[in-house]
Amino acid sequence: MQRDTKPRRIIEEDHPDWIATEAAVPLNERHLEAVIAATLAVNKYGLEKSYKLLPSLRKAGLTDPVTVAKADAGDVMMRLCKAGYDRGMLTEMMAGRLINLMQAVHSGALDGLNTLVDNRAKGGAMELLCAVKGIGPKVAADAWMLLTT
């Protein structure tokens, strides 16, 4: 059987647990918010604490990939503080990480995550998340926990 040669967003050749799709679905809101909460829960800032901030982050426009992807770090930093995420000197660094995440979402780099979560393909999801600048194994593991509970 000849393989389809159309480009795919998710490549399964090296990842047998990945599910290849012709057209990856954009990252859904629930999954995006789980990744946002995990991204902000670093350096002794608890996952539960960042997850509880999601309503105020939504209200501040910080869960909208288009808005945040185009914003500068100073604007995002101020919005984070107003939303209750004031980490002092770390807030600027976290604003940069949030911008990187939203740029990845906006560009479609995480479009395959929905399928990976639906199929419980942890290895593929972890690798996809860790490809985003500012997301490492700990953040990816926290995101995976939120995505699958």
Under the criterion side chain to side chain contact (heavy atoms under 4.5 Å, CB included), I'd like the reasoning laid out for Arg79 against Thr67: C-alpha separation, chi angles, the key distance, then a yes or no. CA-CA 12 Å; Arg79 288 183 195 207; Thr67 302; 3.5 Å; yes
For the residue pair Gly61 and Val68, what are the closest heavy atoms and their distance? O-CG2, 3.6 Å
Where do Ala104 and Val132 come nearest, in terms of heavy atoms and distance? CB-CG2, 3.9 Å
When rounded to the nearest 0.5 angstrom, what distance separates CG in Leu147 from NZ in Lys122? 11.5 Å
Which atom names give the shortest non-hydrogen contact between Gly112 and Leu128, and what distance separates them? C-CD2, 4.1 Å
Apply side chain to side chain contact (heavy atoms under 4.5 Å, CB included) to the pair Val139 and Val42, showing each step before the final yes or no. CA-CA 7 Å; Val139 170; Val42 296; 3.5 Å; yes
Non-hydrogen atoms of Asp72 and Asp75 that approach each other most closely: OD1-N, 2.8 Å
Tested for side chain to side chain contact (heavy atoms under 4.5 Å, CB included) against Met102, the lone hit among Asp64, Val66, Leu32 is Leu32
Please check this pair: side chain of Asn119 against backbone of Ala121, looking for a donor-acceptor N/O pair closer than 3.5 Å. no
Tell me, do Met93 and Met77 make a side-chain contact under 4.5 Å, heavy atoms counted? no
How many angstroms lie between CD in Gln103 and CG in Asn100, if you round to the nearest 0.5 Å? 6.0 Å
Between Asp86 (side chain only) and Thr91 (backbone N and O only), is there a donor and an acceptor less than 3.5 Å apart? no
To the nearest 0.5 Å, what is the distance between OH on Tyr51 and CG on Leu57? 12.0 Å
Nearest heavy-atom contact between Cys130 and Pro137 is SG-N, 3.7 Å
Shortest non-hydrogen contact from Pro26 to Asp111? CA-OD1, 3.4 Å
So that I can tick it off, tell me whether Glu92 and Arg87 are bridged by a salt bridge, with the cut-off set at under 4.0 angstrom between side-chain N and carboxylate O. no
So NE2 of His31 and CG of Leu113: to nearest 0.5 Å the spacing works out to 6.5 Å
Side chain to side chain contact (heavy atoms under 4.5 Å, CB included) test vs Leu40 passes for just one of Leu53, Val35, Leu47, Leu80, namely Leu80
Quick check for you: to the nearest 0.5 Å, what is the distance between Glu127 atom CD and Leu116 atom CG? 10.0 Å
To the nearest 0.5 Å, what is the distance between CG on Leu90 and CZ on Arg97? 8.5 Å
Taking the side chain as everything from C-beta on, heavy atoms only, tell me whether Leu62 gets closer than 4.5 Å to Ile36. no
